[in-house]
Amino acid sequence: MGHERSVRGARHGGKAWAAGALALAAAIAGPVPAAQAGPAEQAGQAGLSASSPERAVLGAGDGWASEGTGTTGGSAAVASRVFTVTTWEELRAALAVPGGEPRIVRVVGTLDATAGGCSAFEEPGYDFGAYLAAYDPKVWGYDREVSGPQEELRAASAARQGRAIKVKVPAHTTVVGVGRSAGITGGSLQITGVDNVIVRNLTLESPLDCFPQWDPTDGATGAWNSEYDSMVVYGSTHVWIDHNTFTDGARPDSSLPSYYGELYQQHDGELDVVRGADLVTASWNVFADHDKTLMIGNSDGAGATDRGKLRVTLHHNLFRNVVERAPRVRFGKVDAYNNHFVVPHAAYAYSFGIGQESQLVAEKNAFTLAGGVPAGRILKKWKDAPVTTSGNLVNGRAVDLLAVHNAEFPGEVLRADAGWTPVLRARVDRPQALPGLIGHRAGAGRSPR
């Protein structure tokens, strides 16, 4: 199918980066010659067949993202709109190329969004030691939010990091990892206000917030609050997220320090689906080693944008060693079936969070709970909303998740019957088979279907 383009060397940072990226995109004249290209680029220059993973589309009836027009991403991209990228800057440039026609962006290797370290984002005058001294609760107290020069410099530094590590994914785009070792470290994919996007076969190591904010009014003893999710679906429709691995990687929470007696939290979520987003299917992913994992709806007060939206299907995903939000749901009709949850430690809070006006259906999932973790904690009531649970296994045995929750937490009783029956299920497996099946096939580098 002809040649693909290879995006090289863009600059980042506000308007200067945007102008540079557009100029770079316009100036691209052709492919890297095959004789000079690596194996992955040579394969791409030979053409992408209709059956290649880069051109895959979501199958009929496969979750909410198959509703209506379905999800095809950039599968129909012509050769001039197929890009191979090997650095974070090349990815930003490829996604900034003008035009609404389908595009495919092939990721080779691991792209590091924060290769320069946190110091690259610091505003002149910002000093973390001075920040700690200024807002020490012994000096500042717990009754007011932080303010002043160091907080202003922290906020400005955080803004610089945000501009550098966030990248917007356009409509009709497929972003796909090539081979078994493709991924992004420290970056945040923003799928915002667009339709028809596919993201597949990437290991996404959670962004590390270099400048968390201290909030002394958060709880009785204050808390450090961070930003940046690995992926955000915001006001977008028809999004297929498949065969990715979401992880904290080399910097889990256990490796982070504490200040003022509280964990210096530098992670936010792994995946957020929020603010009117709709028709999303997340399949065969791994969500691992994280606290606040997956949020569907981010505010009880967002009914104006979220009612009738936030329809999400989660199937054949592995949730391993995650503390909570797997997912936490507000408003949406969420179908969570055929997932495997591995809960190895007592720090576990819950899996399914039942929130404002949510309609969660949780069926035929498998839970592997460590000793001492009661099945009643799988559900968590945040607000009064109905939930359907059936056919779920806990440690290989059938368990009525709703009944055991209500028995263990009589002050937080949940209502049965979410009020709808999912029909968009292309494949349903016996929950007994899920640990082996998902363990072998879910996540980046595994065989996409």
Side-chain angles (χ1 to χ4, degrees), residues 13-14 113-114 116-166 185-188 190 205-232 234 246-272 274-275 289-295 298-302 322-325 328 347 349-350 353 382:
T114 56
C118 289
S119 61
F121 310 123
E122 288 183 359
E123 284 287 326
Y126 174 73
D127 181 272
F128 185 56
Y131 188 94
L132 289 175
Y135 307 116
D136 188 325
K138 296 177 182 177
V139 176
W140 189 264
Y142 291 98
D143 59 348
R144 54 184 174 140
E145 295 181 355
V146 297
S147 61
Q150 280 300 313
E151 168 57 19
E152 292 171 3
L153 290 168
R154 182 211 62 80
S157 301
R160 290 182 65 179
Q161 180 180 3
R163 288 191 295 270
I165 72 169
K166 292 180 180 179
T185 296
S188 180
Q190 304 282 307
E205 184 169 324
S206 302
L208 199 69
D209 189 341
C210 294
F211 310 98
Q213 181 186 38
W214 171 247
D215 183 356
T217 69
D218 188 345
T221 57
W224 293 96
N225 293 316
S226 60
E227 297 188 34
Y228 318 126
D229 306 297
S230 293
M231 189 183 303
V232 178
Y234 187 114
F246 295 80
T247 176
D248 285 352
R251 297 294 300 275
D253 284 356
S254 60
S255 71
L256 302 179
S258 293
Y259 300 103
Y260 309 150
E262 297 294 324
L263 177 70
Y264 189 60
Q265 182 55 264
Q266 293 182 268
H267 297 124
D268 195 7
E270 291 187 325
L271 171 63
D272 278 4
V274 298
R275 297 294 174 174
D289 308 315
H290 198 81
D291 186 350
K292 300 173 182 178
T293 305
L294 199 171
M295 184 162 60
N298 65 347
S299 172
D300 289 357
V322 303
V323 176
E324 59 185 309
R325 298 185 184 177
R328 190 211 194 290
Y350 67 90
W382 291 103

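- Checking side-chain atoms of Asp127 against main-chain N and O of Gly129 turns up a donor-acceptor pair under 3.5 Å.
- In terms of heavy-atom proximity, Tyr259 sits nearest to Pro257 at CE1-CG, 3.7 Å.
- Counting only residues at least two apart or on different chains, the side-chain hydrogen bond (donor to acceptor under 3.5 Å, both in side chains) pairs with a member in residues 133-155 are Tyr131-Glu151, Glu151-Arg154, Glu151-Gln213.
- Using modelled atom types, no side-chain atom of Gln265 and backbone atom of Ser226 make a donor-acceptor pair closer than 3.5 Å.
- Crowding of Tyr264 atom OH: a count of heavy atoms from other residues, nucleotides or ligands under 6.0 Å exceeding 12.
- Here the side chain of Gln161 pairs a donor or acceptor atom with the backbone of Leu208 at under 3.5 angstrom.
- The nearest pair of heavy atoms linking Pro216 to Gly141 is CB-O, 3.5 Å.
- Residues Val322 and Asp289 come closest through the heavy atom pair CG1-N, 4.2 Å.
- Nearest heavy atom pair, residue Trp214 against residue Pro137, reads CZ2-CG, 4.0 Å.
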Decide side chain to side chain contact (heavy atoms under 4.5 Å, CB included) for Leu294 and Phe246; before the verdict, give the C-alpha distance in whole Å, the side-chain angles of both, and the deciding distance to 0.1 Å.
-> CA-CA 10 Å; Leu294 199 171; Phe246 295 80; over 6 Å; no
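- Between Phe211 and Phe121, the ring-plane angle classifies as perpendicular under the 30° and 60° cut-offs.
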Between Arg328 and Trp382, is a side chain to side chain contact (heavy atoms under 4.5 Å, CB included) present by the stated rule, with each step listed?
-> CA-CA 9 Å; Arg328 190 211 194 290; Trp382 291 103; 3.3 Å; yes
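- His267 and Ser206 get closest at one heavy-atom pair: CD2-CB, 3.9 Å.
- The CG atom of Asp215 sits 5.5 Å away from atom CG of Asn225, with the distance rounded to the nearest 0.5 Å.
- Asn298 is listed as a side-chain neighbour of Arg275, based on a closest heavy-atom distance under 4.5 Å.
- Annotation: the span from Ile165 atom CD1 to Gln190 atom CD amounts to 8.5 Å, rounded to 0.5 Å.
- How far CG of Asp291 is from CG of Asp248: 9.0 Å, rounded to the nearest 0.5 Å.
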How far apart are the C-alpha atoms of Phe128 and Glu122, what are their side-chain angles, what is the distance that settles it, and do they pass the side chain to side chain contact (heavy atoms under 4.5 Å, CB included) test?
-> CA-CA 10 Å; Phe128 185 56; Glu122 288 183 359; over 6 Å; no
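- The pair Arg160-Glu123 meets the salt-bridge criterion, since a charged nitrogen lies less than 4.0 angstrom from a carboxylate oxygen.
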Worked check of side chain to side chain donor-acceptor pair (under 3.5 Å) between Thr293 and Glu324 | CA-CA 6 Å; Thr293 305; Glu324 59 185 309; over 6 Å; no
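- Scanning both residues, Gly186 and Thr114, for their nearest heavy atoms gives O-CG2, 4.1 Å.
- Taking the side chain as every heavy atom from C-beta outward, Pro207 and Ser230 approach each other to under 4.5 Å.
- Panel note: side chain Asp229, backbone Leu271; no donor-acceptor pair is recorded below 3.5 Å.
- Atom CD of Glu262 and atom CG of Asp218 lie 9.0 Å apart (nearest 0.5 Å).
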